[in-house]
Amino acid sequence: MKGFHAFCVVLLIFGSVSEAKFDDFEDEEDIVEYDDNDFAEFEDVAEDSATESPQRVITTEDDEDETTVELEGQDESQEGDFEDADTQEGDTESEPYDDEEFEGYEDKPDTSSSKSKDPITIVDVPAHLQNSWESYYLEILMVTGLLAYIMNYIIGKNKNSRLAQAWFNTHRELLESNFTLVGDDGTNKEATSTGKLNQENEHIYNLWCSGRVCCEGMLIQLRFLKRQDLLNVLARMMRPVSDQVQIKVTMNDEDMDTYVFAVGTRKALVRLQKEMQDLSEFCSDKPKSGAKYGLPDSLAILSEMGEVTDGMMDTKMLHFLTHYADKIESIHFSDQFSGPKILQEEGQPLKLPDTKRTLLFTFNVPGSGNTYPKDMEALLPLMNMVIYSIDKAKKFRLNREGKQKADKNRARVEENFLKLTHVQRQEAAQSRREEKKRAEKERIMNEEDPEKQRRLEEAALRREQKKLEKKQMKMKQIKVKAM
Amino acid sequence: MSANSMSDPRRPNKVLRYKPPPSECNPALDDPTPDYMNLLGMIFSMCGLMLKLKWCAWVAVYCSFISFANSRSSEDTKQMMSSFMLSISAVVMSYLQNPQPMTPPW
């Protein structure tokens, strides 16, 4: 028992001393003291523990905090790790162990550490572990861009809406005094004025007016700039464009004579002449200057015949045109209006497009993009001009010569058109016939049975003979009739 | 008949209803931007999803926004919404798969 007790006491003392030694050791006391043979065992342990215990990961980033990770084994080649061990083994200074001492400690590489033969590589901590918002700068940029786009959308939409409302408020009285129906979207059962614009888009507003002498109706389209689209706004900074008001008056057949006439800016007329079916067919000359009538240089005239120009350019019209020349883009009166030229598809015979007697007006809103609601008042006189033109178109009649010329022109155009389509139709029929023949021949060739082949060939021959006979009969009949 | 203050030019018996212009050729003539942007948006979002390119997904979001801003009121909102949702999902999926911040493509 006594021996056992003694043994226990010794063990206890042993344990406590070793712990104390451990602590002392961690506090970085001189290792020289422990060279005693009694504690040789601890020396080995100490050596191992020297490397094991203070294994710290000093991350190579800007964070102030150090993350302490206890690692097993020496596979992790962290920079501060072996340096700590080395310092502990070789350092003879008796400083207390300080965490901050090893920050930025790069002077003693000491790669001769026996623990690892791998070269020390500095590993960058991946960006998503860095936990800093700065690395996401591109994303923040993108989101900011999106927010800017949305803001611009809202602002642009509101501005366009305000401009449209301002225009309508300015013109409402004039329209209501001239038309029974002001504002219709075609969905109501009864023809009652809605009294407001149809919004087709964030930048296009329509208004349909009807119920007046001379005309079937008038469609006004407010084509604003795409203020709701940021890309468009930026593009417009390079190239200023104006808002436009397009008015299309559909006349009654009996209330307008047959003529084609246009006046506007030179650029607009050149474009219209190329694009519009009727202008290209009836007004083949280049736009002429209107100086003869006292028009400013910015405006030019396209006309079917001189008489029409003379008739159209009366004093009041000239007054309108000269005073508001900057706001006029184009004015186009036509009894053969069918819209822009439709591109012909190959092999498809065209029908003569439907025409309507129409007066078209395109006005530019002043401000060249930087428009304010009060600018809409400047367009009111132009609407007066429209009303005046409607009445004028009803009053203006061509004299006999003019009428004859006009009729001749229209007949000529129709003939040309038929000729064109006739040729096309013939070609189409011819090609169809050839295809049929080819298909039959192929069928005969592909037929494997020689008997069948012979029979089909004979049938084809017979059909052709019949056709020839028929043609001959027809020719004979025509000859007889001619005689 | 002249539109002076004496006679009223209005004729209630001659009222014609509004007929929206035929939409066969008009949408193409008017402005192809929303359709192009819609298509581009879908292509970019598919690229972003398949090739795991974050910038593709972001461009797709922008395209769908532009398409929406330029769209006509007669156009189907379902189409807009589907393209928008596709682009948002492309962005979200790119970030779920790879939470690293985006690197510029240049």
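Protein chains get the first letters and strands the later ones, always in sequence-line order, with residue 1 at the start of each. Atom set for the values below is all heavy atoms of this structure, side chains included, hydrogens, waters and symmetry mates excluded.
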CG (L181(A)) and CG (L16(B)) are apart, to the nearest 0.5 Å, by 9.5 Å

CZ of R11(B) to OG of S210(A), rounded to nearest 0.5 Å, is 12.5 Å

Kindly indicate, with the supporting measurements, whether the criterion side-chain contact (heavy atoms from CB on, under 4.5 Å) is fulfilled by T180(A) and K14(B).
CA-CA 9 Å; T180(A) 323; K14(B) 289 194 175 173; over 6 Å; no

Value for CG (N70(B)) from CG (N201(A)), rounded to nearest 0.5 Å, stands at 8.0 Å

When rounded to the nearest 0.5 Å, the distance separating CD1 of I150(A) from CZ of F68(B) is 9.5 Å

Between E139(A) and W58(B), is a side-chain contact (heavy atoms from CB on, under 4.5 Å) present by the stated rule, with each step listed? CA-CA 9 Å; E139(A) 278 79 6; W58(B) 281 109; 4.2 Å; yes

Under 4.5 Å to a heavy atom of chain B? For E134(A) that would be neither

Output for pair (R17(B) CZ, D184(A) CG), nearest 0.5 Å, gives 4.0 Å

Turns out that what part of N232(A) lies under 4.5 Å from chain B's heavy atoms comes down to neither

Whatever's closer than 4.5 Å to a heavy atom in chain B on Y137(A) counts as side chain

Cut-off 4.5 Å, heavy atoms of chain B, and the answer for S177(A) is backbone

When every non-hydrogen atom of P101(B) is compared with those of S135(A), the smallest separation belongs to CB-O, 3.1 Å

The interface call for S71(B) against chain A, heavy-atom contacts under 4.5 Å, is backbone

Greatest number of non-hydrogen atom pairs under 4.5 angstrom with chain B, of K226(A), K157(A), E216(A), M142(A), falls to M142(A)

Check your understanding: Where the side chain of Y18(B) meets the backbone of G183(A), is there a donor-acceptor pair that is under 3.5 Å apart?
Key -> no

For the CD atom on E254(A), are there more than 12 heavy atoms of other groups (residues, nucleotides or ligands in this structure) within a distance under 6.0 Å? yes

- Report yes if the distance between the aromatic ring centroids of Y153(A) and F65(B) is under 6.0 Å, otherwise no. no

Interatomic distance, NZ@K19(B) vs CG@L219(A), rounded to 0.5 Å, equals 12.5 Å

_Please evaluate residues I66(B) and Y149(A) with respect to the criterion side-chain contact (heavy atoms from CB on, under 4.5 Å), reporting the C-alpha separation (whole Å), side-chain torsions for both, the decisive distance (0.1 Å), and the verdict._
CA-CA 9 Å; I66(B) 294 171; Y149(A) 193 90; 3.5 Å; yes

Inset, instruction - Tell me, with the steps shown, if W55(B) and L138(A) meet side-chain contact (heavy atoms from CB on, under 4.5 Å). - result: CA-CA 10 Å; W55(B) 63 268; L138(A) 270 173; over 6 Å; no

Applying a strict 4.5 Å limit to non-hydrogen atoms, the region of L146(A) in contact with chain B is both

Checklist entry - Is the number of heavy atoms from other residues, nucleotides or ligands under 6.0 Å of D354(A) CG greater than 12? => result no

Heaviest contributor of heavy-atom pairs below 4.5 Å to chain B, chosen from Q199(A), H203(A), E176(A), E202(A), is E176(A)

